[in-house]
Amino acid sequence: MTHPALSVTGLTVAYGETPAVFSVDAAFPRAAMSAIVGPNGAGKSTLLKAALGIIPRLSGEVLVEGRPLDTVRERIAYVPQRASVDWDFPTTVLDVVRMGLYRKVGLLGRFTGAMNAIARDCLGRVGMEDFADRQIGQLSGGQQQRVFLARALAQGADLYLLDEPFAGVDAATERAIIDVLKSLKAEGKAVVAVHHDLGSVPDYFDHVLLLNVRATASGPVSEVFTEANLSATYGGRLAETHLGELRLAKGA
Amino acid sequence: MLLDPFLIRAGLAALGTAVAAGLLGCFVVWRRMAYFGDATSHAAILGVAISFALSISIVVGVLATALLMALALTLLERQGREVNSSLGVLAHGALATGLVAMALVPGGGRIDLDAYLFGDVLTVSWAGVGIIWAGAALVAVLLWWHWSALLVATLNPDLAVAAGVRPARQHMLLALLLAVVVAVSIRVVGALLITALLIIPAATARGLGRTPEAMAAAALAAGALSALGGIGAALWADTPVGPTIVCTAAALFGLSLLTGRVR
């Protein structure tokens, strides 16, 4: 039997006394794009970070292709939320991408040409090759996001975890990012993204986890992205008109 | 010729200090650890008093006290509390405790306090120079060894964890190296001005380097220039060496701002 790219079982994370994520079971398939969707404060980013070991989990299990996290770390790439990156740091776009290669090349590898070639190639995939020698702080938000995606690509991972990759980016960047993610899926890799725009879920994603501290539903978009499930996830926070605009799956 | 042996020793001691402080200073600036540096270096005065009380080597006493302070601060930060005021309390509390302890140590009245507060590089021995360069080498080697991990942890701690780097461990390493820098710098610029030597060359380099490596190299150069230029200026103007080195560094920083403006 093939294991899912990422699975969490009974995952619970708490800040102090309050659980941010409570007893979530979810599996994210390979060769697919999955979204984690839910209202603000639903624990979407927390779940992603707990799955990566950035935030300690209170209980539960995280498996990557059926194996524990620590044994497969180099096969996971992470793109953090843009605002959480400290920019008071003199570094070029190419440097940031090369940092993605750090595990592969070790101490002296930083200075070999092969590393630069891989880094430039990855910048090309996100349409940023002309910005290689710019200071990272000089780029727009969307451009920075693309550079961090290139950094993840350089890692050559099998599982890509992205925290709000489309937040605050321009339309051209959203297009560029989605094209890259679709090409990853075509290569058989798994993409899991925290996503906040309900309208684009059916267009972009195959699989969805609806989350509001607890998982309300998880599965193929065509089956679980229903009005009933969304109402259960968002409570009264989704207006009828908003629901009407969404391309929803037919509820059972 | 002017180059008496004591001057060569002083020059080498100041250069070694500039190497250690210049390199580590980049991380102090990037990670905004200036107050952290203050607290650790002020604890050194307490270390001096303890060294006298126990009749042990000053370097050992200062290193041990600075290490303890750095570890205490690291643990404090890990608690996730608002640490700025706590750092202030610890920094000045340690300094004042050190000064009081100095007065209580038997024979403490004969201790040349100025030498430990503001440095006394002109009387450094060859053994002292050796210790300074050993410390500088340790700082340089450990930073080189952990360079990539330190950079990732500085750029984004979450990204570092995801890549299998432990930011807490990297922070601990920096705290340890800070204690080493304090122990080797106290002879050159004194406890009160060590933070200046950490921050000013790195801040000067901030506008000059486009990559972390280039900035570290520029900080090293700015530190070395300040050390040698400062000793020269102090001899010429007959001023205290430690403060003159820091004045030279500050002047270089001003100059870098001007040239940055012109470009």
Side-chain angles (χ1 to χ4, degrees), chain A residues 15-16 45 48-56 69-96 98-111 133-138 148 151-152 155 157 159-163, chain B residues 25-34 78-81 140-171 199 201-219 222 256 260 263:
Chain A
Y15 297 113
S45 296
L48 206 63
K49 287 182 179 180
L52 281 157
I54 295 169
I55 301 176
L69 189 62
D70 282 327
T71 61
V72 286
R73 239 179 224 296
E74 69 280 0
R75 297 170 67 182
I76 312 167
Y78 172 56
V79 180
Q81 221 170 359
R82 196 166 52 80
S84 61
V85 175
D86 186 349
W87 298 114
D88 190 20
F89 191 56
T91 189
T92 63
V93 165
L94 195 64
D95 273 326
V96 171
R98 287 196 302 189
M99 281 182 209
L101 290 158
Y102 132 83
R103 283 199 142 229
K104 281 189 189 157
V105 295
L107 201 58
L108 299 169
R110 307 177 51 83
F111 302 103
D133 298 317
R134 288 278 193 93
Q135 287 286 298
I136 187 79
Q138 292 172 347
F148 274 82
R151 181 196 171 281
Q155 226 180 304
L159 170 62
Y160 293 78
L161 302 179
L162 302 90
D163 197 350
Chain B
C26 290
F27 285 99
V28 171
V29 166
W30 292 333
R31 301 169 73 108
R32 304 184 185 111
M33 289 169 74
R78 212 172 279 178
Q79 307 260 305
R81 286 198 219 124
V141 167
L142 283 178
L143 283 182
W144 164 260
W145 193 262
H146 290 267
W147 189 257
S148 296
L150 279 166
L151 284 188
V152 178
T154 304
L155 185 71
N156 184 300
D158 287 354
L159 213 50
V161 176
V165 172
R166 295 192 191 163
R169 197 177 281 187
Q170 304 303 325
H171 190 87
I199 289 173
T204 307
R206 178 69 185 85
L208 301 174
R210 287 177 47 80
T211 65
E213 291 81 9
M215 179 170 154
S256 80
R263 273 187 299 162

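Note that these values count all heavy atoms, side chains included, but never hydrogens, waters or copies made by symmetry.
- Counting heavy atoms from C-beta on, the side chains of B:Leu150 and B:Leu143 come closer than 4.5 Å.
- A:Ala50 meets the side-chain contact (heavy atoms from CB on, under 4.5 Å) test with A:Leu11, A:Val13; sequence neighbours excluded.
- When heavy atoms are compared at a cutoff of 4.5 Å, A:Arg75 does not approach chain B at all.
- Chosen from A:Leu52, A:Ile55, A:Ile54, the residue pairing most often with chain B at heavy-atom distances under 4.5 Å is A:Ile54.
- Looking only at side-chain heavy atoms (C-beta outward), A:Thr91 and B:Thr211 stay at 4.5 Å or farther from each other.
- Between chain B and the residues A:Asp163, A:Asp133, A:Leu94, the largest count of heavy-atom pairs under 4.5 Å involves A:Asp133.
- Partners of B:Arg166 according to the side-chain contact (heavy atoms from CB on, under 4.5 Å) rule, which considers only residues two or more places apart in sequence or in another chain, are B:Arg169.
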